[in-house]
Amino acid sequence: MLDVFKSLFRSADLAIDLGTINTRIHAREEGIVVNEPSLVARNTRTGAFESFGREAHEMLGRTPANIEAIRPLKDGVIANYEAAQAMLEAFIKKAHGGRRFVQPTIVVGVPSGITQVEKRAVRDAVEAARAAEVILVEEAMAAAVGAGLAVEEASGNVIVDIGGGTTDVAVISLAGVVWSASIRVAGAAMDDAIVNHVRRNYNLLIGERTAESVKLQVGSAYPLEEPLSCEVAGRDLVEGVPCSQVVTDEEIRLALAESIAQIVEVVRTALQHTPPELSSDIAERGIVLTGGGSLLMHADQCLREVTSLPVSHAEEPLTSVVRGAGALLDQPELLGRIALE
């Protein structure tokens, strides 16, 4: 009976990719069990958090006066502690199938360069959601493990994780981060750029869901072989009535140019800081892209053009971080070497 209980608590261990846009949870022996938007709906009259994740996302931009949709995270770190704690508690309960009195070990991916205060906020929020132990790892390292890179070998790997709130770049060798950086420019910044472009050029106000849809349909980091366009619906800022406008891939690419340039620059900086001994490995292996932002059309071609290196996508870029963090649950020695203090 004791062995059964030990097995039950061991299988309850979790890995979390706590993202600005989406939160994903990997349960040991089960795989990804939660994949939902990082959103909370709060009743402003009662102060109660009423819904989380996908259900709250359906309310985004459509909430009545007494309901506000809150993103607990901004730029990859906790911006609203109470909302983050409530969301984590709901998601962890869901990951455990409603089981109570479970106190798991939880591995959490966090951006490179996160401050001590930001680390403490993550630890406290996860511990308050009934975690027995919280282990933080850099998202880039977790993404590298999830992408199947040989992180323990004495050879260089470059991982570029373009998420929702941050882009993390790391040079990895011998299970260590040789150099890493995190910039708060990623998918959400691209969405904001599209919102601003449409408002500035067409006096049309659109929401973040619409901007994301435009990015996925016609957004690109490099010129397309065939032009694309899509219709954007929103509210006319002059007349105050609903209207629509057709936008092209070229203008959206120009709107995204500043965000893309900042991501390219941090990759260049990473390569400049790479020791000569590892440069030959990187010249052969190239750069691996992960994260939802890396799915922007021709993001790989853009980096290939700038760096003259091979650039490839991880097999499942959206889930590289959480799958890598989940794999670390079964590799305690490696986890101990890469865990953040």
Is any side-chain heavy atom of V171 closer than 4.5 Å to a side-chain heavy atom of I282? yes
Testing the basics here: between L329 and A15, what is the closest heavy-atom pair and its distance to 0.1 Å? CD1-N, 4.1 Å
Step by step, work out the side-chain contact (heavy atoms from CB on, under 4.5 Å) result for L14 and V34. CA-CA 11 Å; L14 303 172; V34 172; over 6 Å; no
CA sep, side-chain torsions, deciding dist, call: H57, R209, side-chain contact (heavy atoms from CB on, under 4.5 Å): CA-CA 9 Å; H57 187 258; R209 291 177 65 180; 3.6 Å; yes
Pairwise distance CG(L18) to CG(L73) - rounded to 0.5 angstrom: 4.5 Å
Keeping R323 on the side-chain end and G146 on the backbone end, is there a donor-acceptor pair under 3.5 Å? yes
Donor on one side chain, acceptor on other, D249 and S220, under 3.5 Å: no
May I ask you to decide if the ring planes of Y202 and H197 are parallel, tilted or perpendicular, using 30° and 60° as cut-offs? perpendicular
Kindly check if the number of other-residue, nucleotide or ligand heavy atoms within 6.0 Å of CD (E251) is above 12? yes
Flag yes if L174 and V177 sit in one hydrophobic cluster, no otherwise; membership is Ile, Leu, Val, Met, Phe, Trp, Tyr, and two members link when side-chain heavy atoms are under 4.5 Å apart. no
Do S173 and E277 touch side chain to side chain, with heavy atoms closer than 4.5 Å? no
With a 4.5 Å limit on heavy-atom distance, are the side chains of L318 and N22 in contact? no
Under a 3.5 Å distance rule, please check whether R54 uses its side chain to pair with a backbone N or O of N35 as donor and acceptor. yes
Does the pair D281/R285 count as a salt bridge with the N-to-O cut at 4.0 Å? no
For M87 and P72 the tightest heavy-atom approach is SD-CG, 4.0 Å
To the nearest 0.5 Å, tell me how far D300 CG sits from H313 NE2. 5.0 Å
Whether E118 and R184 form a salt bridge (side-chain N of Lys/Arg under 4.0 Å from carboxylate O of Asp/Glu) is what I want to check. yes
Consider only side-chain heavy atoms of I, L, V, M, F, W and Y, link residues closer than 4.5 Å, and tell whether F52 and I25 are in one cluster. yes
Rounded to the nearest 0.5 Å, how far does CD1 of I32 lie from OG1 of T319? 4.0 Å
Can L289 be reached from V185 by stepping across I, L, V, M, F, W or Y side chains whose heavy atoms are under 4.5 Å apart? yes
In the structure I gave you, are the side-chain heavy atoms of I338 and E138 within less than 4.5 Å of one another anywhere? no
Tightest non-hydrogen contact, residues G219 and I252, listed as CA-CG2, 3.9 Å
Donor-acceptor side-chain pairing of T44 and N66 below 3.5 angstrom: no
Closest approach of G164 to I21 (non-hydrogen atoms, all atoms of both residues): CA-CG1, 3.5 Å
Do we see a donor-acceptor contact under 3.5 Å between the side chains of S38 and T23? yes
Looking only at heavy atoms, the pair that brings R253 and P223 closest together is CZ-CA, 3.6 Å
For the pair Y222 (side chain) and E305 (backbone), establish whether a donor and an acceptor sit closer than 3.5 Å, ignoring hydrogens and angles. no
Can V266 be reached from V264 by stepping across I, L, V, M, F, W or Y side chains whose heavy atoms are under 4.5 Å apart? yes
Does T20 reach the main-chain N or O of G76 with its side chain, forming a donor-acceptor pair under 3.5 Å? yes
Going from CG on D191 to CG on L256, what distance comes out if it is rounded to the nearest 0.5 angstrom? 9.0 Å
For the pair R71 and E208, find out whether any cationic side-chain nitrogen is under 4.0 Å from an anionic carboxylate oxygen. yes
Checking N203, N196, N201 against R199 for side-chain hydrogen bond (donor to acceptor under 3.5 Å, both in side chains), the one that qualifies is N196
Please lay out, stage by stage, how E50 and I67 fare under the test side-chain contact (heavy atoms from CB on, under 4.5 Å). CA-CA 9 Å; E50 296 195 344; I67 300 293; 3.4 Å; yes
Between the side chain of R304 and the main-chain N/O of V311, is any donor-acceptor distance below 3.5 Å? yes
Below 4.5 Å, heavy atoms only, C-beta onward: do I263 and I183 meet side chain to side chain? yes
Quick one: does E139's side chain get under 4.5 Å of D17's, heavy atoms only? yes
For the hydrophobic clusters of this structure (ILVMFWY residues joined by side-chain heavy atoms under 4.5 Å, transitively), does one cluster hold both L149 and V322? no
I want to check something: taking the side chain as every heavy atom from C-beta on, are L295 and P317 in contact at a cut-off of under 4.5 Å? yes
What I want to find out is whether R268 reaches E265 closely enough, with some N-O distance under 4.0 Å, to be called a salt bridge. yes
CZ of R123 to CD of Q116, rounded to nearest 0.5 Å, is 8.5 Å
Minimal heavy-atom distance between C243 and L204, with the atoms involved, is SG-CD1, 3.2 Å
Do C230 and V214 have side chains that get closer than 4.5 Å, going by heavy atoms? yes
Just verifying a value: how many Å separate I260 CD1 and L254 CG, rounded to the nearest 0.5 Å? 12.0 Å
Residue pair V178, T274: steps toward the side-chain contact (heavy atoms from CB on, under 4.5 Å) verdict: CA-CA 8 Å; V178 177; T274 300; over 6 Å; no
